[in-house]
Amino acid sequence: MPELPEVQTVVTTLAPRVLRRRIVRVVHLRGDMVTAPPELDLARQLAGRKITGLARRGKRIVFSIDDDNAFFIHLGMTGRLSVEPTDAPLANHTHLILDLGKDAGRAPEQLRFRDPRRFGEIRWLGCDGCDQNMGPEPLAMRTAQLAEKLSRTTRAIKNALMDQRVVAGLGNIYVDESLFDARIHPLARADKLSSEQVAALTKSIKRVLNRAIHHRGSTLRDYVDANGKAGAFQRLHRAYDREGKPCPRCKTPIERIIVGGRSTHFCPSCQPLRGRRRPPRRTSASTSTSAAG
DNA sequence: GTCCATGTTCTTTA
DNA sequence: CTAAAGAACATGGA
């Protein structure tokens, strides 16, 4: 579920529930969801610490704690974070439970992380987070940054934008929506986009993400924010999951193809593929490609 | 039983 | 090295 707008919404809704609260103890921690140095006991590291910061980086939710260490939770496909009374019934597939310090006059609460599909992750960052392999934040990105990244790859733009090293935070929904908004075909070669197209794409990514955040993300199946509330942006999707439905701009039916193994939705009329990826070769293979050189 | 899914990473192949 | 294709991870819904 969670791409940048959903993760941002979780951070926004979770922050007031956990910031400046103490992790009294780690009640439950499923070890195989954790990435950390083998000698590090995450439960021991967290016990007694105060949560001093909550932020989003790409699709990661970064928790800062009062000893200057940090860890992040990645929600994967089905991860959810919630703050619930300690006596609230425990959902299946809960992999992390933190007892939070009591607030005056309130029932004791727990921060809970559940993830049925277990594609999520809890990763220890220590005191210097590792950002090296992550692309720029799309909402703060300049056209030149995106252009530089795209100039270095011959892949289809759809594949390039799905790569978190190119841009951090986009996923299948928002790549399709951004390409639709920018009128760029998903199979267009990343390094062959014009500078005007890259500029338009940069703006479209920001426009789409900001709108999605404004509507608290997209709920297709089971995404909810930290308060259990679903998003509303799925109603405003213009391409994603709209195969066969009329393009909101020109009424041409939206097409679905598979790119990089993922469903990809676009308007064949609004998003023309100008430069063909392969030269059309009608004659059978009489010309050798390896002869030259 | 089948196919598909909002994510990431690894392997194989070219 | 680049990158495409496929599989893998684990679960649930249609």
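Numbers restart at 1 for each chain; the letters A, B, ... are given by sequence-line order, proteins then strands.
What separates CD1 of A:I258 from P of B:dC3 is a distance of 14 Å, to the nearest Å. If you measure from atom OH of A:Y174 to atom C1' of B:dG7, you get 15 Å, rounded to the nearest angstrom. Rounded to an integer number of Å, the gap from CZ of A:F119 to C1' of C:dA8 is 8 Å. Between the NZ atom of A:K158 and the P atom of C:dA4 there is a distance of 14 Å, given to the nearest Å. The separation between A:M33 atom CE and C:dA10 atom P is 11 Å, rounded to whole Å. Between the CE atom of A:M162 and the P atom of B:dA5 there is a distance of 11 Å, rounded to whole Å. Note: CZ (A:R165) to P (B:dT8) measures 12 Å, nearest angstrom. Look at CD on A:Q234: it is 15 Å from C1' on B:dA5, rounded to the nearest Å.
Contact annotation for A:N159: backbone-only contact, meaning every heavy-atom pair under 4.0 Å involves sugar-phosphate atoms and none involves a base. Among the heavy atoms of the strands, none lies under 4.0 Å from A:E121.
Using a 4.0 Å cut-off between charged nitrogen and carboxylate oxygen, A:K158 and A:D176 count as a salt-bridge pair. Classification of A:E3 and A:K59 as a salt-bridged pair fails, no side-chain N sitting under 4.0 Å from a carboxylate O. Using a 4.0 Å cut-off between charged side-chain N and carboxylate O, A:R152 and A:D191 make no salt bridge. Classification of A:R21 and A:E109 as a salt-bridged pair holds, one side-chain N sitting under 4.0 Å from a carboxylate O.
Between A:Q164 and B:dG7, a side-chain N or O to OP1/OP2 separation shorter than 4.0 Å is absent. Side-chain nitrogen and oxygen atoms of A:R262 include at least one within less than 4.0 Å of the OP1 or OP2 phosphate oxygen of B:dT6. Distances shown here put a side-chain N or O of A:K59 below 4.0 Å from the OP1 or OP2 atom of B:dT8. Phosphate contact (OP1/OP2 of B:dT6, side-chain N/O of A:H237, threshold under 4.0 Å): absent. Distances shown here put a side-chain N or O of A:R256 below 4.0 Å from the OP1 or OP2 atom of B:dA5. Here A:T154 does not reach the OP1 or OP2 of C:dT2: none of its side-chain N or O atoms lies under 4.0 Å away.
In this structure, the aromatic ring of A:Y223 is not positioned over the six-membered ring of the base of B:dT6 within 5.5 Å between centres and 30° between planes.
Closest to the side chain of A:D222, out of B:dT6, C:dG12, C:dA4, is B:dT6.
Comparing the P positions of B:dC3 and C:dG6 gives an interatomic distance of 15 Å, to the nearest angstrom. For the P atoms, the distance linking C:dA7 with B:dT2 amounts to 15 Å, nearest Å.
Annotated stems with DNA chain C as a participant read B:2-5 with C:11-14, B:7-14 with C:2-9, given as range with range, by first number; only runs of 3 or more Watson-Crick or G-U pairs under 3.5 Å qualify.
Each salt bridge (charged side-chain N to carboxylate O under 4.0 Å, His left out) pair with one or both residues in residues 245-260 of chain A, not counting sequence neighbours, appears once here: A:E243-A:R256.
One donor-acceptor pair, N or O on each side, does fall under 3.5 Å between the base of C:dA10 and the side chain of A:R117.
Neither side chain, A:R183 nor A:Q271, offers a donor N or O lying under 3.5 Å from an acceptor on the other.
The residue among A:H74 and A:S263 whose nearest nucleotide of DNA chain B is located toward the 5' end is A:S263.
Among residues two or more places apart in sequence or in another chain, the ring-ring contact (aromatic ring centres under 6.0 Å, His included) test is passed with A:F180 by none.
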Kindly determine whether A:H28 and A:T94 satisfy side-chain hydrogen bond (donor to acceptor under 3.5 Å, both in side chains), including the steps that lead there. CA-CA 8 Å; A:H28 173 69; A:T94 298; over 6 Å; no
